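If you're wondering where the values come from, they're calculated on a predicted model, not measured in any experiment. Proteins come first, then strands; the chains are lettered A, B, ... in the order of their sequence lines, and each starts at number 1.
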Amino acid sequence: MIKVIGFYSTEFGEIWDKSLTALIADATLGALADAKIEKEKIDAVFFANMLSGVLENNLMLPARISEVLGTHKPVFRTEAACASGAIAFHLAKNWLMANPGKTALVVGAEKLTDYSPEEVTAGLAAAASGEEQAAGLTFPGLYAMMAQVYMQKYKYTEENLAYVSHKNHYHGTLNPKAHFRRPVTIDQVLKSAYVAYPLKVLDSSPISDGASAVIVTSDESLAKRSSHAVSVLASETATDSISLKGRTRLDGIEATQIAADLAFSAAKLGRGDIDVAEVHDSFSIAELFAMEDLGFWKKGSAGSQIRDLATMIGKGGKLTVNTSGGLKAGGHPVGATGVKQIGEIYLQLTNQADRRQLKKVKYGLTHNVGGSGGVAVVTILGT
Amino acid sequence: MISPTKIWRRQKTTVKQLGLTGTVVTWTKIFVPSSEYTSLAPFTVVLVELENKDKAFGQLVDFDIKDLKIGMRVKSVLRRVREVEREDVIPYGIKFRPTSA
């Protein structure tokens, strides 16, 4: 059984004084310290990042990580836009299954705030098709187009979406590493400026810097010595066309459904077993899609169910969602996000989540999406 | 600048989508654009199912806001699609206008 034995994340936000490499170093050394192991113990590194090549002409990061760790061990880089982090974790898990007795570092990082919103928006649009880009569509624009279909089909308004941001911002107030640690009301969300109609600033995850790392091992004696180990029960991924043109439906993300079915089947668990989940709320609409496509809520019902706020901390629901603040309030340093989601579930399952700690959590799930739904990764962890 | 080769390559498909009618599948209005489209913002983009069952993206032009909805009938027209420098090849592509206009 593959186990997660350590996690560390930098603060997410505008971190002016740290370069991409410095963020990677902080996360890496923090995770090693958390797992109480020496860097020599790392047999391979899986690194996730999206935009360093596009924005800052900074590539060959495996060799920079070699410098940080002082190692000659293999370092692999993954890129799947916003799903880069969970894909790195997925590959690490597969590598460990093929290599018993080994230990891997998974680190995701992104440096975005050195650039203007227009430059970052253009960079992120690289995860859309050429035709979508040529029409002037942005990333929020693609989710906005899907939101329009969903809202018209199931008769919801912008207010239904706003509850996602309200909930996740409350969770952000409980997470000292969240990009935003202030609550927002439904009214504030509704009065914020449009980014791409019907999505507004407060429906959208921010542009953040940050890095997160986890230590994963197939070394049973090392896992046994760890005071905080959780099992990786499943990590499954599925793909779809890069363009919305090629999708069979626009009121959700089919790749999520496929990855979720595979993951629940591999973990031999049902939807009702999950106590805590970190889902990909890059935009408010995306959390509604996630709840339906992961199979937690019936298709078309998320817009009304979210209004009960049953997935909010302190509401006593069986399933609590995005305790870290999600991407919305927690922040979204693209390559780091999927790794942070796994780290948040790790903290919850090992009772280390401080003020946002849930009671009696046994199974947790993460859901990470790349592009407008072209890649989805679902990971299930258990104690 | 955009490579003239890329413009030439894209026009091979653009020409096949020209002058076709279709139906708006979904739409959005972009308020925060990518850097190349700043001078055009805000602008409306539609995803259209064409009469030949192909789908195409394009900006919507020459329309009345009260007519803008999913299911609206539109026709593809040739328009300049981005801002370029004086010496660059002008990139033409598909935009859509209402069939009623």
Side-chain angles (χ1 to χ4, degrees), chain A residues 54-55 115-153 155 192-201 203-204 206-207 241-251 283 285 372, chain B residues 2-3 6-7 9-14 16-17 22-50 53-61 65 68-72 74 76 79-84 91-96:
Chain A
V54 173
L55 289 176
Y115 304 90
S116 71
E118 289 80 7
E119 286 168 314
V120 175
T121 301
L124 291 169
S129 74
E131 190 191 355
E132 288 167 337
Q133 291 182 51
L137 278 167
T138 57
F139 223 65
L142 293 166
Y143 271 96
M145 283 188 142
M146 291 192 280
Q148 293 271 66
V149 172
Y150 181 83
M151 289 163 69
Q152 170 150 331
K153 185 167 177 184
K155 303 195 168 37
S192 63
Y194 283 107
V195 177
Y197 181 87
L199 301 179
K200 296 168 288 296
V201 171
D203 287 300
S204 312
I207 290 168
S241 74
I242 186 166
S243 171
L244 294 186
K245 267 169 64 170
R247 308 282 171 83
T248 49
R249 58 186 179 85
L250 293 177
D251 63 343
F283 300 96
I285 183 68
S372 59
Chain B
I2 309 165
S3 150
K6 280 190 178 175
I7 293 173
R9 211 157 48 211
R10 182 151 293 157
Q11 288 195 349
K12 289 195 291 183
T13 49
T14 302
K16 292 180 191 154
Q17 297 179 328
T23 308
V24 171
V25 175
T26 185
W27 64 273
T28 182
K29 186 171 178 182
I30 303 288
F31 289 84
V32 181
S34 301
S35 26
E36 286 172 300
Y37 297 89
T38 316
S39 66
L40 299 171
F43 53 85
T44 299
V45 185
V46 290
L47 171 60
V48 174
E49 182 167 317
L50 298 165
K53 297 294 171 194
D54 278 354
K55 288 193 180 121
F57 289 96
Q59 291 178 19
L60 187 67
V61 295
I65 188 75
L68 177 58
K69 57 172 188 282
I70 291 174
M72 175 187 194
V74 293
S76 53
R79 287 282 193 282
R80 180 156 88 169
V81 289
R82 0 180 155 205
E83 296 297 314
V84 289
Y92 286 96
I94 297 289
K95 290 192 182 182
F96 291 95

Notebook entry, point to check: Looking at A:Ala135, A:Gly130, A:Gly141, A:Gly123, which has the largest count of heavy-atom pairs under 4.5 Å with chain B?
Noted result: A:Ala135
Checklist line | Options A:Ala125, A:Pro117, A:Gly136, ranked by heavy-atom pairs under 4.5 Å with chain B, top entry | finding: A:Gly136
Check: Partners of A:Val201 by side chain to side chain contact (heavy atoms under 4.5 Å, CB included), sequence neighbours excluded?
Finding: A:Ser192, A:Ala193, A:Val195
Examine whether an atom of [X] lies under 4.5 Å from a heavy atom of chain B, and if so say whether it belongs to the side chain, the backbone or both; otherwise answer neither.
| X | answer |
| --- | --- |
| A:Ser116 | neither |
| A:Leu124 | neither |
| A:Ala134 | both |
| A:Gln148 | both |

Next item on the list: Applying salt bridge (charged side-chain N to carboxylate O under 4.0 Å, His left out), name anything that partners A:Glu119, two or more places apart in sequence or on another chain.
Entry: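 For A:Glu119, no residue satisfies salt bridge (charged side-chain N to carboxylate O under 4.0 Å, His left out) once neighbours in sequence are set aside.
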Notebook entry, point to check: Measuring heavy-atom distances to chain A, does B:Val25 have an atom under 4.5 Å in its side chain, in its backbone, in both, or in neither?
Noted result: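 Both backbone and side chain.
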Next item on the list: Could you look at B:Ala56 and say if it's the side chain, the backbone, both or neither that has a heavy atom under 4.5 Å from chain A?
Entry: both
Notebook entry, point to check: In terms of side-chain heavy atoms, does A:Ser243 have a donor or acceptor partner in A:Glu132 at a distance below 3.5 Å?
Noted result: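 Checked: A:Ser243/A:Glu132 side chains pair up, N/O donor to acceptor below 3.5 Å.
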Next item on the list: Mind jotting down which residue pairs meet the ring-ring contact (aromatic ring centres under 6.0 Å, His included) criterion with at least one end in residues 125-146 of chain A? Sequence neighbours excluded, please.
Entry: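 Qualifying pairs, neighbours excluded: A:Tyr143-A:Phe283.
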Rounded distance (nearest 0.5 Å) linking atom [atom1] of [X] with atom [atom2] of [Y]:
| X | Y | atom1 | atom2 | value |
| --- | --- | --- | --- | --- |
| A:Ile242 | A:Arg247 | CD1 | CZ | 8.5 Å |
| A:Leu199 | A:Ile285 | CG | CD1 | 7.5 Å |
| A:Leu142 | A:Gln133 | CG | CD | 9.5 Å |

Next item on the list: List the steps and the verdict of side-chain contact (heavy atoms from CB on, under 4.5 Å) for A:Leu244 and A:Met146.
Entry: CA-CA 9 Å; A:Leu244 294 186; A:Met146 291 192 280; 3.9 Å; yes
Margin query: Applying side-chain contact (heavy atoms from CB on, under 4.5 Å) to B:Lys95 and B:Phe43, what does each step give before you reach the verdict?
Written below: CA-CA 12 Å; B:Lys95 290 192 182 182; B:Phe43 53 85; over 6 Å; no
Note to self: Please evaluate residues B:Met72 and B:Leu60 with respect to the criterion side-chain contact (heavy atoms from CB on, under 4.5 Å), reporting the C-alpha separation (whole Å), side-chain torsions for both, the decisive distance (0.1 Å), and the verdict.
What the structure shows: CA-CA 11 Å; B:Met72 175 187 194; B:Leu60 187 67; 4.2 Å; yes
Notebook entry, point to check: By number, which residues in residues 32-39 of chain B have some heavy atom less than 4.5 Å away from chain A?
Noted result: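 The residues closer than 4.5 Å to chain A, in numerical order, are B:Val32, B:Pro33, B:Ser34, B:Ser35, B:Tyr37, B:Thr38.
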